Amino acid sequence: MGLLDGIAGPRDLRRLDDAELADLATEIRERIVSAVAAHSGHLGPNLGVVELTLALHRVFDSPRDRILFDTGHQAYVHKMVTGRAAGFDRLRQEGGLSGYPSRAESDHDTIENSHASTALSYADGLAKAYALRGEDRHVVAVVGDGALTGGMAWEALNTIAAGTDRPLVVVVNDNGRSYAPTVGALARRLAATRTNPGYERVLSTVKNRLPQVKVLGPPAYDALHAVKRGLKDALAPQGLFEDLGLKYLGPFDGHDRQVLETALAQAKRFGAPVLVHVITEKGHGYARAVADQTDQMHQSGPFDLDTGESLSAPTTTWTQVFRDEVVVIAAERDDVVGITAAMVHSTGLDAFADKFPDRVYDVGIAEQHAVTSAAGLALGGLHPIVAVYSTFLNRAFDQTLLDVALHGCAVTLVLDRAGVTGNDGPSHNGVWDLSVLGIVPGMRVAAPRDGARLRELLREAVAVDDGPTAVRFPTGAVLPDLDARDTVDGCDVMVRLSPRTGTNDARVLIVAVGAMVPVAVAAAGLLADSGGAGPAVTVVDPRWALPVPAAVVDFARSHGLVVTIEDSGRVGGFGAAVTAALADAGVETPVQVHAVPQEFLAVGKRAAVLERIGLTPHAVAAAVRARLDPTR
Ligand SMILES: Cc1ncc(C[n+]2csc(CCOP(=O)(O)OP(=O)(O)O)c2C)c(N)n1
């Protein structure tokens with residue numbers, strides 16, 4: 001049994017001496033690496049915060065004091081030292097440990113949403129609440145240099161820095177990277193500190209003196225600290241924060257736990273808002289992660305512990321299809337440009353950026369700015385493609401509605417990870433985009449069912465020059481190409497089955513969105529197989545799901561039941577839009593909607609979640625049979 005298994009909570013950390021804590025850090029790193037190798041997860045970010053998290057939990061008294069992790073992808077160490085180390089056997093598995101903080105798991109987890117740049121706002125609110133209620137509790141927000149590029153972080157700093165009587169500790173975990181190196185003027189300012197040789201000298205001087213200073217006691221340490229501060233005053237970015245009125249401490253070596261504890265204790269005593277600047281290395285202690293030039297193993301699939309080889313089956317993903325096609329389009333059209341919010345590789349814009357570096361913009365973790373900046377690019381005569389994960393589009397709703405659509409800007413949103421995403425937990429599912437985009441006037445949303453359609457619809461989207469378009473597709477392996485029988489007014493007819501028995505009342509029209517088309521085709525097969533008594537089924541893929549094509553309304557006129565299938569929320573989604581379109585056209589055919597229920601979906605593999613919520617051929621066929629013959 002190692003040290004980690006004896007840690008039931010943060011108090012146990014305070015019993016350990018320096019040597020034991022160093023051993024514990026090694027053990028924690030081994031446990032993180034083996035858990036991610038087995039189950040996938042965030043590797044580099046967690047390896048980088050081992051000493052920082054140990055220091056935080058030794059200095060602050062969680063859960064009475066609140067330690068908030070921005071984004072939450074770097075909370076594995078926090079989980080391990082708050083009694084959840086054993087759970088890493090089932091990291092990110094259904095019923096197992098969540099990959100993000102989870103309020104259901106522990107009192108030590110206060111926030112859990114996984115979208116970046118929110119922690120400072122939560123911290124501001126908590127600090128105000130404790131002040132008003134007269135509770136003497138500390139609030140600490142740990143935010144990465146990447147998350148600090150999000151506008152919300154600065155909105156919060158604007159308030160926090162002005163609340164001079166309210167204690168609040170902001171720890172900036174500066175590793176110089178989001179996934180890729182962090183971009184922009186702020187990153188440049190922070191990087192100047194990190195890469196300045198003067199700063200390195202200061203750090204090593206302090207480190208070398210530490211044993212002597214410890215013998216002499218805290219006053220000597222404070223004196224040394226003052227010297228260190230004096231030395232690096234010229235180097236550090238405190239001006240940036242202190243000009244706002246925010247006390248700045250740092251920069252500190254984020255892998256020197258003792259130095260961190262001293263700094264955090266000082267911040268805790270300060271009694272007003274203070275920012276502690278900590279420099280860490282993403283992937284620290286695991287050479288493969290440190291050496292990974294793309295993203296230092298920010299997030300990894302399962303891999304072989306000995307060889308480091310990926311254990312994921314080699315497949316072509318939806319992202320790769322987009323990645324390849326967008327480069328071809330960019331080569332043909334020099335007005336096409338790309339925008340990413342700090343995810344150039346994960347969204348597949350990297351090949352475009354490599355080939356045309358001047359035409360792809362990384363704007364930091366700033367989806368709102370990305371979308372309005374795209375409007376500006378469109379107003380300036382270009383056709384921007386904003387590539388984001390579907391879930392992060394939520395951030396930029398108002399920008400899409402008013403800055404893009406109201407202005408009639410021809411901007412194409414490419415929404416990767418649309419639909420159920422699975423193991424990343426509730427907040428990462430892309431199940432809101434159809435509802436969000438459905439209420440944007442002039443917005444056209446395409447949903448490819450396979451790779452061929454993705455290429456085709458992407459081209460159609462960038463050919464639209466009088467308003468916004470979106471192309472949404474799911475996570476994972478691209479589905480095999482599925483050709484249509486014929487096309488009616490832009491809608492692909494996938495299946496036309498003749499009735500074995502029955503009348504026209506038993507004619508069923510299934511209209512499915514994108515990756516749900518194969519589910520519809522399979523459901524049609526099951527219905528046709530109903531022991532000779534099956535209905536006649538037509539399956540249609542509208543390709544452009546929103547606004548609902550007129551052809552779908554026309555098909556509905558000649559059927560007794562319309563069934564819609566989508567992997568997006570049922571409120572305000574595709575089924576709701578079809579229902580409204582039929583009502584508007586005076587078509588009385590009833591509509592049965594199969595969509596994601598209005599709930600936050602618990603962690604699970606995509607297929608398992610789809611099964612649980614009934615988005616499978618069997619569940620759809622059963623529901624249709626029950627509808628056609630309620631006595632069954
Ligand atoms: C609003 C939003 N956009 C994009 C992401 C995807 N994302 C997850 S972590 C990350 C990088 C975070 O960088 P940083 O805050 O510096 O933390 P690090 O991983 O470097 O420790 C990004 C872009 C997100 N979580 N939230």
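Here the structure is a predicted model, which is why all the values come from computation and not from measurement. As the structure lists them, so they are numbered: ligands from 1, and atoms in each ligand from 1.
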*Evaluate the criterion side chain to side chain contact (heavy atoms under 4.5 Å, CB included) for residue pair H42 and Y100; output intermediate values, then yes/no.*
CA-CA 10 Å; H42 286 98; Y100 290 89; 3.2 Å; yes
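- Rounding to the nearest 0.5 angstrom, the gap separating the CG atom in D424 from the CZ atom in R606 is 13.5 Å.
- Taking the six-membered ring where tryptophan is involved, the planes of H78 and H57 are essentially parallel, since the angle between them stays under 30° and well short of 60°.
- The pair E51-R29 meets the salt-bridge criterion, since a charged nitrogen lies less than 4.0 angstrom from a carboxylate oxygen.
- Applying the side-chain contact (heavy atoms from CB on, under 4.5 Å) criterion to T149, with sequence neighbours excluded, gives T182, I365.
- Among protein residues, P45, T71, H73, S114, H115, A116, G144, D145, G146, A147, N173, N175, R177, S178, Y179, K282, H298, M343, I365, E367, F392, R395 come within 4.0 Å of ligand 1, judged on heavy atoms.
- Ring geometry for Y248 against F241 counts as parallel: the plane angle stays under 30°, on a 0 to 90° scale with 60° as the upper cut.
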